[in-house]
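Below you'll find the structure, written out as structure tokens, and then a few comments.
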Amino acid sequence: MRRTFVVADFVGPAGYEDRLKRVLADLHDGLGPTLAVAVLGLRAARDLIARDRVAAGELLARLEDELYRAITDLRRIVADARPPALDEAGLVLAVRRYAEALTDRVPAEHGPLRVDVEVHAELPALPAEVEVTAYRIIREALVNVARHSGARQCTVHLWPRDGDLHVEIVDDGVGTDGDALPAVGGSGLRSMRERAGDLGGGCRVEPVPSGGTRIAAWLPLAKA
């Protein structure tokens, strides 16, 4: 006798789908770049250990601290909270600290990478969702620059204009055709566009005439 099992469709509580989408995006855009940077750091430590065991040990100690912070970040994502770096330092300093950590881990075959963070006007008090979105977009863009572009110079620009926060990441690497941006986790550009779009803004990627790639996002500072 064949038994037939009927499984009812799962119906989550109100807002379940939005919450699930947000958590998955935070895992991809938050922990994804963090772990990618940790991998770069481990590769750098492996290259260093034969030449300078002391420097390799110091790098591994920093990686240990960063992975502990990643665990904290994961717990906050589950609790639907902000990235801890923003609470500790605010957007601009958090980005600068992340860029500094990242440049230490660029694969040796790519050569040294310099990342500058430039703020072109005084930023107003940023809504929490704008600050988080800008931070996630910048982090993912920087990881892609470090891992795939072969760039030697990258600049992050931030400025407010006409009611939006503008974010621009420009590098001098191999460039892109505007649709094939390499991605942490396989969906980097789509994730950036979705995050910006969720706030009523947008995100585009385009080649730089002199060589390299520009990622530009604009995020409304007030809800429509």
Side-chain angles (χ1 to χ4, degrees), residues 28-44 47 59 62-63 66 83 85-86 89-121 123 131-161 165-193 195-196 201-219:
H28 174 273
D29 299 341
L31 285 185
T34 297
L35 297 178
V37 170
V39 169
L40 291 176
L42 289 171
R43 290 176 183 168
D47 293 340
L59 176 55
R62 293 201 302 272
L63 286 171
E66 289 172 14
L86 293 177
L91 177 61
V92 175
L93 184 54
V95 170
R96 287 186 171 134
R97 287 177 176 175
Y98 185 79
E100 182 179 354
L102 180 67
T103 54
D104 289 339
R105 324 289 160 78
V106 177
E109 62 269 21
H110 289 177
L113 170 66
R114 173 174 174 169
V115 179
D116 294 321
V117 180
E118 298 184 0
V119 182
H120 298 285
L123 298 182
E131 195 172 37
V132 170
T133 298
Y135 184 61
R136 299 294 196 202
I137 288 173
I138 293 167
R139 277 172 48 122
E140 182 150 349
L142 290 179
V143 169
N144 278 310
V145 170
R147 295 184 71 184
H148 303 292
S149 75
R152 298 299 181 90
Q153 175 68 43
C154 177
T155 306
V156 178
H157 302 276
L158 291 159
W159 72 97
R161 188 180 68 196
L165 174 66
H166 289 262
V167 177
E168 189 174 86
I169 304 97
V170 183
D171 70 70
D172 64 356
V174 296
T176 178
D177 62 10
D179 292 311
L181 182 70
V184 177
S187 58
L189 179 57
R190 184 178 71 245
S191 175
M192 293 182 205
R193 285 174 171 162
R195 279 187 170 275
C203 181
R204 68 175 181 270
V205 57
E206 57 194 15
V208 176
S210 59
T213 301
R214 176 186 292 109
I215 296 172
W218 54 100
L219 310 172

Could you go step by step and tell me if T133 and I137 meet the side-chain contact (heavy atoms from CB on, under 4.5 Å) rule?
CA-CA 6 Å; T133 298; I137 288 173; 3.8 Å; yes
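L86 and L91 make their closest contact through CD2-CA, 3.7 Å (heavy atoms, listed as atom of the first residue, atom of the second, distance). Shown here for A151 and G173, the closest heavy-atom pair between the two residues is CB-N, 3.6 Å. In plain terms, the two heavy atoms of A94 and A85 that are nearest each other are CB-O, 3.8 Å. Pairing each heavy atom of C203 with each of M192, the nearest pair is SG-CB, 3.9 Å. For R139 against P33, the heavy-atom pair with the smallest separation is NH2-CB, 4.0 Å. Annotation for I215 and A141: closest pair CD1-CB, 3.7 Å, computed over non-hydrogen atoms.
To the nearest 0.5 Å, atoms CD (Q153) and CG (D116) are separated by 5.0 Å. Once rounded to the nearest 0.5 Å, the distance linking CD of E168 with NE2 of H120 reads 7.5 Å. The CG atom of D47 sits 11.0 Å away from atom CG of L42, with the distance rounded to the nearest 0.5 Å. Taking OG1 of T213 as the start and CG of N144 as the end, the distance is 9.5 Å to the nearest 0.5 Å. Taking OG from S191 and CZ from R136, the interatomic distance works out to 9.5 Å, rounded to the nearest 0.5 Å. Distance check, rounded to the nearest 0.5 Å: OH of Y98 to CD of E66 gives 9.0 Å.
Annotation: side chain of V208 is not in contact with side chain of D172 (no heavy-atom distance under 4.5 Å). The shortest side-chain heavy-atom distance between I169 and D171 does not fall under the 4.5 Å cut-off. Inter-residue side-chain proximity for I138 and L158 is flagged as met; some heavy-atom pair is nearer than 4.5 Å. Here the side chains of V39 and L35 are not in contact, with every heavy-atom distance at 4.5 Å or above.
Note on ring orientation: taking the six-membered ring where Trp is involved, the planes of H166 and W159 are parallel (angle under 30°, cut-offs 30° and 60°).
For R96 (side chain) and V117 (main-chain N/O), a donor-acceptor pair under 3.5 Å exists by modelled atom type.
Annotation: E118, atom CD; neighbour count of heavy atoms from other residues, nucleotides and ligands within 6.0 Å is above 12.
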